[in-house]
Every structure is written in C-alpha cells, then in structure tokens.
Amino acid sequence: MGILGMLFYTATSFLLLAIVFGALEKAFPARKNQAVFRPAWLTDFLFFAGQYLIFGVVVLWFLTWFEGAMDAIVPTGFRAAVASQPWWLQALEVILLSDFLIYWGHRLQHRYDFLWRFHAVHHSAEHLDWLAAHREHPLDSIYSLTLINLPAFALGFPVETLAGLIAFRGVRAIYIHSNVRLPIGPIRALIGAPELHHWHHTKERVNANYANLSPIMDVLFGTYHCPPHEPEELGINQPYPKGYIGQLLHPFRKQK
C-alpha cells in the first residue's frame, strides 16, 4: 500500500469510527458533560494517526517475524494433532489461552516498573472515549499483541487467518474505552462493558478489570470490579508529559 493509500485508509477508518462510536457516545453517554473535543483530544488523535500510518506497520512486521520464529520452535506433530481437532474447538482453545495470557500479562504491566513505564502512556489519559483507546506506546502494543497471538501462532494459525479476530479485538478495545454506558445489566460480567474498563483507568488504582475479550478471567481470579457509577477521576498519580512526542519518549528517560 502506497502513501496515498495509507492516508485514505487512515482517514476512512477515522471517519467510520467517529460516526459509529460518536453516535453511541451521544445516545448512551457515561459522562454526559464530556465534550467531543475534550482536553488532550489532539494528543490522542496523533496517537491514532501514528498507529495507522507508522507503528501499525512495525507491529505487523514484528508479528509476522514472530510467527516465523514460532514455526521453527513448535513441533510439527503437535500442530498436526491440533489441526485434527474440530475448527470450533481450535478457535475456543485460541481464545481462552490468549485471554488467559493477556490477563496475566496485563497484571504484570501494573506490577513491574519496566513494563509499567510503557503501559503508563495508555493510563495517562484523563478522559476516555473511542479516540483515547489509541493512546498506546508502540512497544506496549507489541508486548500485548505478542501475548494475545502467542497461542494462535503456537497452534499453527498464520497472521492472515487471524486477521478477523485481530480486527475484532481492535474494535472491542475501542468500544470498552468509549464514553458509553449501555443498559445491559448483569450480563456485563460475561461479555464486558466500557464501565468495567473505566474503573480499570481510575486514578484510585483499584487493581481490577484486567481481562481482554471477556471479564471471565477477572471473575475467576477475583479482580472483577464494577460499582454502579463512573469513577470520579481517570489517569495516573504521577507527573506525565501531555504531548505526543513527550509521551513516546518518556518511558526511555531515567525514572526517579
């Protein structure tokens, strides 16, 4: 894809997401007084553009390389045994294993300083909406996507086969960050909801809601947390650069 093609793809994606999630945020707002062009909107827009135009290509290249590395490690007999199973069982195994890995990988991001310094970029957002979902350091993205796709690569699923699942996870990530609260009641414990992830981003640091596709892992490991109201403040309790370049470089600076 050439530069013009990438620009068209980025602009089209932005418009489609803005229309769909903008409508949801207008119809079912979690924070009713939050403006569309809220503080740090430009920073998150630059993260969106950087992800689509630059770092998305780098991440895809890394995943393709990682897939090849796994091909050289995993025994062919193991993969043949997996391939002999029904497709629905293979899909279930991939989803459950990837959710298990990313759940614990996510908890490690909040526990260990080296991982946190990159993950903190994402948590520095003080306002959540569909655009804020894209505030993510590229190295943090590589870490998360490696864990998410590790089971699929180990079982022998190529990147091309996983494209639909990767896209679905991406849209879901945007949804759970959106300024939306749908009236779905207790089933949020099964299918998830933005309010769960909003509490994960609270400034109070409640250490909860680490799961990816479904909150089942949080329920199983005792980290499910969903009060009936929105958290008062979002963000992190440490000084952090506000601009795009500053946030990209901050994890590499000496930590005090």
Quiz item: How long is the span from the CG atom in L220 to the OG atom in S214, to the nearest 0.5 Å?
Solution: 9.0 Å
Exercise. Indicate whether the side chain of S141 and that of E136 have a donor and an acceptor atom separated by less than 3.5 Å.
Key: yes
Exercise. Keeping the roles fixed (side chain from H137, backbone from L248), state whether a donor-acceptor pair exists under 3.5 Å.
Key: yes
Self-check item: Selection residues 164-180 - residue pairs positive for salt bridge (charged side-chain N to carboxylate O under 4.0 Å, His left out), sequence neighbours left out
Solution: D99-R169
Practice problem: For residues F157 and Q90, report the shortest heavy-atom separation together with the two atoms involved. | Solution: CZ-OE1, 3.3 Å
Quiz item: Short question: side chain of S124, backbone of V121 - any donor-acceptor pair under 3.5 Å?
Solution: yes
Quiz item: What's the spacing between Y103 OH and L147 CG if we round to 0.5 Å?
Solution: 14.5 Å
Quiz item: Is it true that a side-chain atom of E25 and a backbone atom of W130 form a donor plus acceptor pair closer than 3.5 Å?
Solution: yes
Quiz prompt | Heavy-atom donor-acceptor pair, T202 side chain to W199 backbone, under 3.5 Å | solution = no
Practice problem: Decide yes or no on side-chain contact (heavy atoms from CB on, under 4.5 Å) for L131 and F14, but give the supporting numbers first. | Solution: CA-CA 9 Å; L131 189 59; F14 182 85; 4.0 Å; yes
Exercise. Determine whether F168 and I166 fall in the same hydrophobic cluster, where Ile, Leu, Val, Met, Phe, Trp and Tyr are linked whenever their side-chain heavy atoms lie under 4.5 Å apart.
Key: no
Quiz item: What closest approach, in Å, do P241 and R253 show between heavy atoms, and which atom pair accounts for it?
Solution: CG-NH1, 4.1 Å
Self-check item: Hydrophobic cluster membership, L128 vs L182, 4.5 Å side-chain cutoff
Solution: no
Practice problem: Can you measure from CD1 (I148) to CG (L213) and round to the nearest 0.5 angstrom? | Solution: 8.0 Å
Self-check item: Side chain proximity check, L139 to F252, heavy atoms < 4.5 angstrom
Solution: yes
Exercise. Without swapping roles, check the side chain of N149 against the backbone of A152 for a donor-acceptor pair under 3.5 Å.
Key: no
Quiz item: Quick one: does Y240's side chain have a donor or acceptor within less than 3.5 Å of a partner on G235's backbone?
Solution: no
Practice problem: Give the minimum heavy-atom separation between S178 and P194, together with the two atoms involved. | Solution: O-CB, 3.8 Å
Quiz item: Would you call E195 and P228 a side-chain contact if the rule is heavy atoms closer than 4.5 Å?
Solution: no
Exercise. Locate the shortest heavy-atom distance separating M70 from L150; write the atom from each residue and the value.
Key: CE-CD1, 3.8 Å
Self-check item: L24-V36 co-clustered via ILVMFWY side chain contacts under 4.5 Å
Solution: yes
Practice problem: Report yes or no: do L96 and V219 belong to one cluster of Ile/Leu/Val/Met/Phe/Trp/Tyr joined by side chain heavy-atom distances under 4.5 Å? | Solution: no
Quiz item: Short question: side chain of N209, backbone of L196 - any donor-acceptor pair under 3.5 Å?
Solution: yes
Quiz item: Under a 4.5 Å side-chain heavy-atom rule over Ile, Leu, Val, Met, Phe, Trp and Tyr, are I102 and L92 clustered together?
Solution: no
Quiz item: Quick one: does H197's side chain have a donor or acceptor within less than 3.5 Å of a partner on A193's backbone?
Solution: no
Quiz item: How far does OH of Y224 sit from CD1 of I216, to the nearest 0.5 angstrom?
Solution: 11.5 Å
I'd like a table of donor-acceptor pairs (distance under 3.5 Å, sequence neighbours excluded) in which one partner is a side-chain atom from residues 111-120, with atom names and distances.
{"unit_1": "D113", "atom_1": "OD2", "unit_2": "R117", "atom_2": "NH2", "d": "3.2"}
{"unit_1": "W116", "atom_1": "NE1", "unit_2": "Q238", "atom_2": "OE1", "d": "3.3"}
{"unit_1": "R117", "atom_1": "NH1", "unit_2": "P251", "atom_2": "O", "d": "3.2"}
{"unit_1": "H119", "atom_1": "ND1", "unit_2": "D140", "atom_2": "OD2", "d": "3.0"}
{"unit_1": "H119", "atom_1": "NE2", "unit_2": "H106", "atom_2": "NE2", "d": "3.2"}
{"unit_1": "H119", "atom_1": "NE2", "unit_2": "H110", "atom_2": "NE2", "d": "3.3"}
{"unit_1": "H119", "atom_1": "NE2", "unit_2": "H123", "atom_2": "NE2", "d": "3.2"}

Exercise. Check whether any side-chain heavy atom of Y210 lies under 4.5 Å from a side-chain heavy atom of M217, and answer yes or no.
Key: no
Practice problem: Under the side-chain contact (heavy atoms from CB on, under 4.5 Å) rule, what do Y9 and L4 come out as? Steps first, then yes or no, please. | Solution: CA-CA 9 Å; Y9 171 69; L4 289 179; over 6 Å; no
Quiz item: Atom CG of L42 and atom OH of Y244: how far apart are they, to the nearest 0.5 Å?
Solution: 11.5 Å
Side-chain donor-acceptor contacts of residues 45-64 below 3.5 Å, not counting sequence neighbours, with atom names and distances?
{"unit_1": "T64", "atom_1": "OG1", "unit_2": "L60", "atom_2": "O", "d": "2.9"}

Quiz item: Please, which pairs that meet salt bridge (charged side-chain N to carboxylate O under 4.0 Å, His left out) have at least one residue in residues 78-91, sequence neighbours excluded?
Solution: D71-R79
Quiz prompt | Residues D218, T223; criterion side-chain hydrogen bond (donor to acceptor under 3.5 Å, both in side chains); working and verdict | solution = CA-CA 5 Å; D218 283 306; T223 51; 2.5 Å; yes
Quiz item: Do the charged groups of E126 and K242 touch, with an N to O distance under 4.0 Å?
Solution: yes
Self-check item: Pair F221 and W104, ring centroids less than 6.0 Å apart
Solution: yes
Self-check item: Check: E230/H198 side-chain N/O donor and acceptor closer than 3.5 Å
Solution: yes
Quiz item: Under 3.5 Å, is there a donor-acceptor pair between the Q85 and E93 side chains?
Solution: yes
Self-check item: Heavy-atom pair of closest approach, residues P151 and S98
Solution: CG-N, 3.6 Å
Quiz item: Is a side-chain N or O of S84 found less than 3.5 angstrom from the main chain of A81, in a donor-acceptor match?
Solution: yes
Quiz item: Any idea which heavy atoms bring R188 and P215 closest together, and the distance?
Solution: O-CG, 3.3 Å
Exercise. Establish, yes or no, whether a centroid distance under 6.0 Å links the rings of H201 and H122.
Key: yes
Exercise. Scan residues 42-68 for pairs that pass salt bridge (charged side-chain N to carboxylate O under 4.0 Å, His left out), counting only residues two or more places apart or in two chains.
Key: R38-D44, D44-R135
Quiz item: Nearest 0.5 Å, what's the CG-CZ distance between L16 and F21?
Solution: 11.0 Å
Quiz prompt | Greater than 12 external heavy atoms within 6.0 Å of K203's NZ | solution = yes
Quiz item: With sequence neighbours left out, what residues match R107 under salt bridge (Lys or Arg N to Asp or Glu O under 4.0 Å)?
Solution: none
